[in-house]
Every structure is written in C-alpha cells, then in structure tokens.
Amino acid sequence: MNETQYQIENKERISGIRERAERLDLLAAQYRAVLAAVAEGVILADDSGGVLLANRAARRILRLGFDGCESIVGQPLTALFAVCSPQSQAELSQAVTSIAAADRHSANHSGHKGAQDPGPGAALKSKQADCADPAELSDKATALLLTDGERALQASLTPMQDQQNGFGGTVIVLRDVTTEQQIAQAKNDFVSLVSHELRTPMTSIKGYTDLLLKGAVGALNEQQKNFMTIVKSNVDRMAELVSDLLEVSRLEAGRVQLAHEQLDLASIVYEISQELAETLRQRELTLQFELAPRLPRVYADRGRVIQVLLNLLSNAYRYTPAGGSITVAAHASEDEVQVDVVDTGIGIPAAEQDTIFERFYRADHPVVRQQAGTGLGLPIARSLIEMHGGRLWLCSEENVGSTFSFTLPIYARDRARPGQDSLSTRIG
Ligand code: ADP
C-alpha cells in the first residue's frame, strides 16, 4: 500500500469513527430527552446497588431536589430512597441484589454473547449492532410497593443486559400510586360495608323461606311450593355472591389470616371426594386419583386448602358434560407439592385463559350460563394460594378439557422425602 492509498483509507476510517460518535451522541441526547420527559421516575442501579442514573421524575418522587444529579451518581440506593421506610429500603436492596445474582447465574449458564467466540459473519453483525440499542431490557420485572409513611410508591425492577458485558444493571421505574391505592381502598370499604349490610336481611329471608317450604305455617299447594323453591334458589345465589364479595374485600384489605399447620393432602382429597361422590354420580361423571404415594405433608391452612380444592372440583364438575371424567393428581418436587385438577369438560379458549382470573368474569358459553356462579371463585382461590407462597395456573383446550394446577410449600421436616411412584385409584 502506497502513502496516498494509506492516507485515503485513514481518512475514511476517521470519518467513519466520527460518524459513529455523532450517531452515539445523538442517541444519547434522545435518550436523555425521553428520560427527562417521562412522568415515571427512572433509576439505573449497578449490581451492588449503586446508583448510575436517576431522571428528574425520580428525584421529584424521592424528594431529592432537582439539581443533585452529579451527587446522586455512585451513591447507594438506600441513600436515594432515604425518604422511604427502613423496611421498604431493605426490600428494595434485597430485590436489586437478587436480580443481579439471578441474572449473572443465568448468563453463566447460557454463556453470554459478549463472552463468546464471534464466529463467522460477526463483522456484519457488529456493523448492524452499531445502529441497534446498546442495552436490552429483560421481560422479567419484579414489582414492589414501597412507602414513606404517607405515600405508596410502586417500583418495577427489571434487569438490563449490556451487549458487551452481560448484566448491565437494574432499571427501577417508580410511580406514585397513592391516589390509586386510596381509590381501591374506598372501593373495597364500600363493597365490604354493602356485603355486611346485605348479610343480615338475607339470613332472615333464607330462614323464613325454609320455614315456609317445610310447611311450618301450613301446607303449601304445588304452585306455592314452586314459587318458594324459586325464591330459595335465588336467595341461595345471593348469599353465595355476598359471601364471595366479603371474602374478596377481606383478601384485598389483607384481613385474611392463615392458620398454618402440617397437612396430609391425600387425606383431604379423599375426604372432599366422599362429599362430592353423590353429586358426581348424579352428573354421570367419574372421579379418579393419581396421587404419588408417601406424598410429603404441606404447610398450609386446612380450611383454605379445602376451599380451593372445592372450588376447582366444583368448577370441574359444573363445566364438564355428563359422561366426562375428573382426575385429581398430586406429586412433589424438591420443596413443593403440585396438585392438578384435570377435567374433560368444555375447556377455555386461549384468549380467555388470563381473563378468567379477573373478578366477575364468566365465559359466554351455554354450559356456563346454565350453572349458577359468581365469577369470584378463581380470583379468591389464586389469592389464597399466593398467600401460602404457592402458584395457581391452568392449561386448557377448548372442547377437550382443562387442568387447574396449584402448588403448596412442603412442610419443612418432610422436604427430604418426596413421593415417587404414582398410585391410581378410581371411584364414581
Ligand atoms: P364461577 O364458576 O362461579 O363462574 P370462577 O371464578 O370459579 O367463577 O370461574 C370463572 C369462570 O372460569 C367460569 O365462569 C367459567 O367460565 C371458567 N371456568 C372455570 N373453571 C372452568 C373449567 N374447569 N372448565 C371450563 N371453564 C371454567
């Protein structure tokens, strides 16, 4: 290469670098403008909880003043969140530490792209990457509710991947949700008050209806009996709705206390099945069990576990046409027992599978319309399981059937001996 050629190439290289630098400057200015404009507080923390960046809204929400940008960078998160209660600060620090640890762990297992051999075509890819975002947000966010004694602050924590170095920090998006919380509280108080007020007159209507039907004040003719039976079935429906509403408002207000004890799930399942045997026979449904032998005991509230199982089983029989079958299966993993309630019923279309956990949702299906229901059973069941530290979810296919599954933590002393083989029994 002669001197002139060398100078031309050098010039091109320098102008390429300048162009890239200008593009990066422009990108950085755009990001800064967006960050300054958003109403949510945005904070970037490194893996040890040090602050790398905090936008204007974050400084406003955390009452830090607007000019402290330089002094904020490098400080620990706890200093930035000094306005929050000590418990909120501790929860936040712990969440940031565990997000960083989990992200590093998954990067080690998957082998981060920055650490790998670039391979063929790397030059082209790196050219394309010049224009791409230098960092990527994971789609796994952790939500926390923080408080400073008077306000409720919602923090959403998401790990960020840096294209070069792997874990690039945790992005914390902060929102003042005090007003939303107050509205939710007022709504909850109203529902709770109305349900309480309705309960007393309804108990009296129910009592007198039963007395009339039993002929306590004289025999009823056929037509009177029919009318009273209709009154009774509607009062029963209203009583169910009121008791579900009360339960929802208690759960939302955090007024439900769990009485944990060690429980043998298999015996609870068999007990409930005895109660349901007659209903299942009338509905021409069979019930089968696939419970692992020596299933470890779980640590849970007996009454609440029965409530959840009854809800899932009654849904299974109400939404499964005659001739179908219901299976209750249970197996243990390292620290939890999973229970599956499987039916061969009408199933739930994919588009509705999240919606059915919303309050009052009932599918628009003839079989569902035929059955009395409040649309509150599943949201209550999910909240109760989550209060135990478990999960409740479903797999379903329309016209094939549904499987509702939930997990409960294993009682600590039983953790070493999960059941292995499967024992099948059939009744019905
Ligand atoms: P409810 O059964 O009282 O309506 P739930 O909250 O228990 O209230 O259920 C909500 C809705 O989810 C039901 O109305 C029904 O549309 C659907 N669903 C629940 N379980 C099943 C099931 N096993 N099979 C089909 N649909 C179901």
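Ligands are counted one by one from 1 in listed order, and the atoms in each one are counted from 1 as well. Residues take their numbers from the sequence shown, with the count starting at 1.
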S.K.: With side chains defined as the heavy atoms from C-beta onward, is the minimum distance between L213 and T229 less than 4.5 Å?
M.R.: yes
S.K.: Could you establish whether F404 and ligand 1 come within less than 4.0 Å of each other, counting only heavy atoms on the residue side?
M.R.: yes
S.K.: Output all residues satisfying ring pair (Phe, Tyr, Trp, His ring centres under 6.0 Å) with H365, sequence neighbours left out; order by chain, then residue number.
M.R.: none
S.K.: Check D236 with K232, please: is the shortest side-chain N to carboxylate O separation under 4.0 Å?
M.R.: yes
S.K.: Compute the shortest N/O to N/O distance between P379 and ligand 1 and return yes if it is under 3.5 Å, no if not.
M.R.: no
S.K.: Are any of the N or O atoms of G347 closer than 3.5 Å to those of ligand 1?
M.R.: no
S.K.: Please could you name the atoms of ligand 1 that L376 approaches to less than 4.0 Å, counting only its heavy atoms?
M.R.: 6 (O), 8 (O)
S.K.: Do R304 and E247 meet the salt-bridge criterion of a basic N to acidic O distance under 4.0 Å?
M.R.: yes
S.K.: Please confirm whether S402 approaches ligand 1 to less than 4.0 Å, judged on its heavy atoms.
M.R.: yes
S.K.: Here's one to test your reading of the geometry: is the NZ or CZ of R382 within 45 degrees of the ring axis of F357 and under 6.0 Å from its centre?
M.R.: yes
S.K.: I'd like to check which ligand 1 atoms, numbered from 1 as shown, lie under 4.0 Å from a non-hydrogen atom of G373.
M.R.: 3 (O)
S.K.: Please identify which atoms of ligand 1 are closer than 4.0 Å to at least one heavy atom of V368.
M.R.: 14 (O), 16 (O)
S.K.: Check L312 against ligand 1 and report side chain, backbone, both or neither, counting heavy atoms closer than 4.0 Å.
M.R.: neither
S.K.: Are any of the N/O atoms on G377, whether in the backbone or the side chain, positioned under 3.5 angstrom from an N/O atom of ligand 1?
M.R.: yes
S.K.: With sequence neighbours left out, what residues match E278 under salt bridge (Lys or Arg N to Asp or Glu O under 4.0 Å)?
M.R.: R281
S.K.: Could you list the atoms of ligand 1 found under 4.0 angstrom from a heavy atom of A363?
M.R.: 14 (O), 16 (O)
S.K.: Below 4.0 angstrom from a heavy atom of I346, which ligand 1 atoms are there? Numbered from 1 as shown, please.
M.R.: 25 (C)
S.K.: Could you tell me whether ligand 1 has any atom less than 4.0 Å away from a heavy atom of R318?
M.R.: yes
S.K.: Any N or O of L378 that comes nearer than 3.5 Å to an N or O of ligand 1?
M.R.: yes
S.K.: Is R302 salt-bridged to E271, cutoff N-O under 4.0 Å?
M.R.: yes
S.K.: Keeping the roles fixed (side chain from N311, backbone from A381), state whether a donor-acceptor pair exists under 3.5 Å.
M.R.: no
